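This report refers to the structure that appears directly beneath it.
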Amino acid sequence: MARTRREIYGLGPTWNDTVLWYAKAIKELRPRPITRKASWRYLAAMHDFDRDQWVSLGYLKAREALPPQAEQDLYWKQCQHGSWYFLPWHRAYLLSFEDIVGAAVKALGGPDDWALPYWNYSSQSNPSALNIPPAFLTRTMPDGSANPLFVAARSARALNRDTVRLEAQLSDGDFVGVDDGPNAGVGGPRTIFMDHGDTEGLIEAQPHDIVHSQLGGRGGLMAYTTLAALDPIFWLHHANIDRLWEVWLQRDPANRNPTEANWLNGPSRKRRFAIFGPDEKDRSSNPQDVLSTAKIGYSYDDTSDPLKGVTRRHRRLQDILPHRQTFSVAGEGGPKAMPAGGKFELMGSNDKKLALGPETATARVKLAPRPLTSFTHSFSASALQPETPGEPDRVFLRLENITGKDGSGIFDVFVHGPGSGAGDEHTLVGSISLFGLERASAGTGGLNKTLEITNAIDALHLSKANLDELEVSIVPRSDVREEDQIKVGQITLYRQSSE
């Protein structure tokens, strides 16, 4: 039977039927032994698992039996992060969870079409959207029993509006980006099976990572890949991430999923997606098997475009065109399209590692003359015509090889002229979360974080600032400590050109 996933704030009172059945099903799944696939803890371990953490937090007894190691190797610690499998793997995983919870709901006497709700924290029309849904904050259910949706290990009761905006994520038209460039597209870079890759797609970086870090904070379940799926709100968060994939596909006919066989067919036979249904039997769950939500049994109540069809290019030209005379205009040639991907050129970098801690950290980046000149010349008359697809070069800031001992931190990133203060040319270009830092530091050499800073560079250019050197300031907005030992290996700037 087809199910409809609905936004939690549109379901009615705090303890509406959908939420109440969710809580009852969790209460049923939690006592099941971790050796059983259709149990709360087994499902959480499929995302990631750390025995010592689970024992220390009381989610596992010190001598409790686990599934055989061969079974753990196949089913556990599968979460695809920093990979073009991020969206399809989590869809298949979410579907397995929903089916198992739905089966528990039905067995308890509930409806046979129960569907997992989603939390649309980016909603512009709902004034409560940023607040954690109330049912996840109260310690008891309506009958006075303990509420399984409540988790003490959360740091926030509400999210920050700036960190769940979707303009950049949904207005980019490329799923995978360019293999040798800093932009990994909406869905993530081409990879093999990667439980923790080092470069993320736009939707994964924000809002996915940011929401994890804001809800978890230091020590909270949602802040760590090894613990996140133990929090019942994890699943509503990922239902929204899955919905955003559908929103992106539907908002522009040009937006397409990858067509390469090694994406559609999933990882090699040596490491397939190992997902099962409520009967605990394996089922086909590679990307090609989950592309259509209708075919796998569910839909969303709202996949409308929050950007109303506005493209990144049009938003950018609205800012540039009133000041066009301040630019050096190149030739008057025909329209220059910016194709998906494009070519990248290094513009500059800093010269040493940068330590991040409780205070603002600043690094100076020197820009090379030739790519800076090329950037300036990209503002041709044709590229600035609203009716043509042309666009001046884009600029990306990349924080490379970030390592550390605790990834719960969130940082705001600013780009400005040397010596400028917050009231001068100081420009916020975005926020980064270090969700998954511990794993990445141990395995792949750290995380890479990319922010598009095109608008900031445009603003500096419009103000006739000297762009030979720039400063990047990284400001903690959460509990970050010196003992976290967070370091950025290098900061680089790239220009993206269609030529």
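Since we're looking at a predicted model, the values are computed, not measured. All values below come from the heavy atoms of this structure, side chains included, with hydrogens, waters and symmetry mates left out.
- With Gln80 contributing its side chain and Gln78 its backbone, the two residues share a donor-acceptor pair below 3.5 Å.
- Side-chain atoms of Ser128 do not come within 3.5 Å of backbone N or O of Asn126 as any donor-acceptor pair.
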Set out, in order, the CA-CA distance, both residues' side-chain angles and the distance that settles side chain to side chain donor-acceptor pair (under 3.5 Å) for Ser431 and Gln206, then state yes or no. CA-CA 8 Å; Ser431 302; Gln206 185 175 330; 5.4 Å; no
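- Glu391 and Arg316 are joined by a salt bridge, as a carboxylate oxygen and a charged side-chain nitrogen come within less than 4.0 angstrom of each other.
- The distance between the ring centers of Phe97 and Trp40 falls below 6.0 angstrom.
- No donor-acceptor pair closer than 3.5 Å links the side chain of Glu98 to the backbone N or O of Ala115.
- The pair Asp406-Arg481 does not meet the salt-bridge criterion, since no charged nitrogen lies less than 4.0 angstrom from a carboxylate oxygen.
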Gln214/Thr163 under side chain to side chain donor-acceptor pair (under 3.5 Å): CA gap, chis, key distance, verdict: CA-CA 9 Å; Gln214 285 192 333; Thr163 57; 3.1 Å; yes
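- When all heavy atoms are compared, the tightest approach of Arg251 to Val310 is NH2-O, 2.8 Å.
- A ring-centre distance under 6.0 Å is found for Trp76 and Tyr42.
- Proximity of Thr14 to Pro142: side-chain heavy atoms (C-beta onward) are nowhere separated by under 4.5 Å.
- Of the possible donor and acceptor atoms, one in the side chain of Trp248 sits under 3.5 Å from a partner among the backbone N and O of Asp172.
- Proximity of a side-chain donor or acceptor of Ser122 to a complementary backbone N or O of Val164 within less than 3.5 Å is detected.
- Ring to ring, Phe175 and Trp263 are close: their centroids are under 6.0 angstrom apart.
- Counting heavy atoms from C-beta outward, Asp48 and His81 have side chains that stay 4.5 Å or more apart.
- Screening Tyr93, Phe86, Tyr85 for a ring-ring contact (aromatic ring centres under 6.0 Å, His included) with Trp89, the sole residue that qualifies is Tyr93.
- For the pair Thr450/Arg398, a side-chain contact is recorded, criterion being any heavy-atom separation below 4.5 Å from C-beta on.
- For the atom pair CZ of Arg243 and OG1 of Thr303, the computed distance is 8.0 Å after rounding to the nearest 0.5 Å.
- Judged purely by atom type and a 3.5 angstrom limit, Asp231 has no side-chain atom pairing as donor or acceptor with the backbone of Ala228.
- Annotation for Asp301 and Thr4: closest pair N-CG2, 3.9 Å, computed over non-hydrogen atoms.
- Atoms CG and CD1, on Leu493 and Ile453 in that order, are 4.0 Å from each other to the nearest 0.5 Å.
- Look at Glu167 and Arg312 and you find no salt bridge, because none of the NZ, NE, NH1 or NH2 atoms lies under 4.0 Å from a carboxylate O.
- With hydrogens and angles ignored, the 3.5 Å screen pairs a side-chain donor or acceptor of Asn147 with a backbone N or O of Thr138.
- Side-chain atoms of Ser433 come within 3.5 Å of backbone N or O of Asp209 as a donor-acceptor pair.
- Atom CD1 of residue Ile132 and atom CD1 of residue Ile233 lie 5.0 Å apart, to the nearest 0.5 angstrom.
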Under the side chain to side chain donor-acceptor pair (under 3.5 Å) criterion, do Tyr9 and Asn120 qualify, and how do the steps go? CA-CA 8 Å; Tyr9 277 105; Asn120 182 15; over 6 Å; no
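- Considering only heavy atoms from C-beta on, Leu437 stays 4.5 Å or farther from Asp484 through its side chain.
- Contact check on Arg477 versus Asp162 returns no salt bridge, with no Lys/Arg side-chain nitrogen under 4.0 Å from an Asp/Glu carboxylate oxygen.
- Other residues, nucleotides and ligands place more than 12 heavy atoms under 6.0 Å from the CZ atom of Arg30.
- Of the charged side-chain nitrogens involved, at least one lies within less than 4.0 Å of a carboxylate oxygen, so that Arg3 and Asp99 count as a salt-bridged pair.
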Thr293 vs Trp245, test: side-chain contact (heavy atoms from CB on, under 4.5 Å). Steps then yes/no. CA-CA 11 Å; Thr293 62; Trp245 184 11; over 6 Å; no
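- Between Asn448 and Ile402, every side-chain heavy-atom pair lies at or beyond the 4.5 Å cut-off.
- Using a 4.5 Å heavy-atom threshold, the side chains of Phe150 and Thr140 count as separate.
- By the neighbour-count criterion of 12 heavy atoms within 6.0 Å, atom NZ of Lys27 is densely surrounded, having more than that number from other residues, nucleotides or ligands.
- Note on ring orientation: taking the six-membered ring where Trp is involved, the planes of Tyr121 and Trp119 are perpendicular (angle over 60°, cut-offs 30° and 60°).
- A donor-acceptor distance shorter than 3.5 angstrom exists from the side chain of Ser96 to the backbone of Phe276, with no hydrogens or angles considered.
- Annotation: the span from Leu451 atom CG to Leu202 atom CG amounts to 9.5 Å, rounded to 0.5 Å.
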What's the verdict on side-chain contact (heavy atoms from CB on, under 4.5 Å) for Leu215 and His237, showing C-alpha distance, side-chain angles and the deciding distance? CA-CA 10 Å; Leu215 291 183; His237 170 39; 5.6 Å; no
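- Atom CD of Gln250 sits in a crowded spot, with more than 12 heavy atoms from other residues, nucleotides or ligands closer than 6.0 Å.
- Glu246 places a side-chain heavy atom less than 4.5 Å from the side chain of Arg91.
- Interatomic distance, CD1 of Ile491 versus CG of Leu470, reported as 11.0 Å (0.5 Å rounding).
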Verdict with supporting geometry, His238 and His208, side-chain contact (heavy atoms from CB on, under 4.5 Å): CA-CA 8 Å; His238 268 278; His208 172 265; 3.2 Å; yes
Quick one, Leu94 with Arg5, criterion side-chain contact (heavy atoms from CB on, under 4.5 Å). Give me CA distance, side-chain angles, the key distance, then yes/no. CA-CA 12 Å; Leu94 200 67; Arg5 294 179 181 174; 3.3 Å; yes
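- Counting heavy atoms from C-beta on, the side chains of Val101 and Trp235 never come closer than 4.5 Å.
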Full working for side chain to side chain donor-acceptor pair (under 3.5 Å) between Tyr298 and Asp242: CA-CA 12 Å; Tyr298 71 92; Asp242 182 67; 2.8 Å; yes
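- Here the side chain of Arg495 pairs no donor or acceptor atom with the backbone of Asp393 at under 3.5 angstrom.
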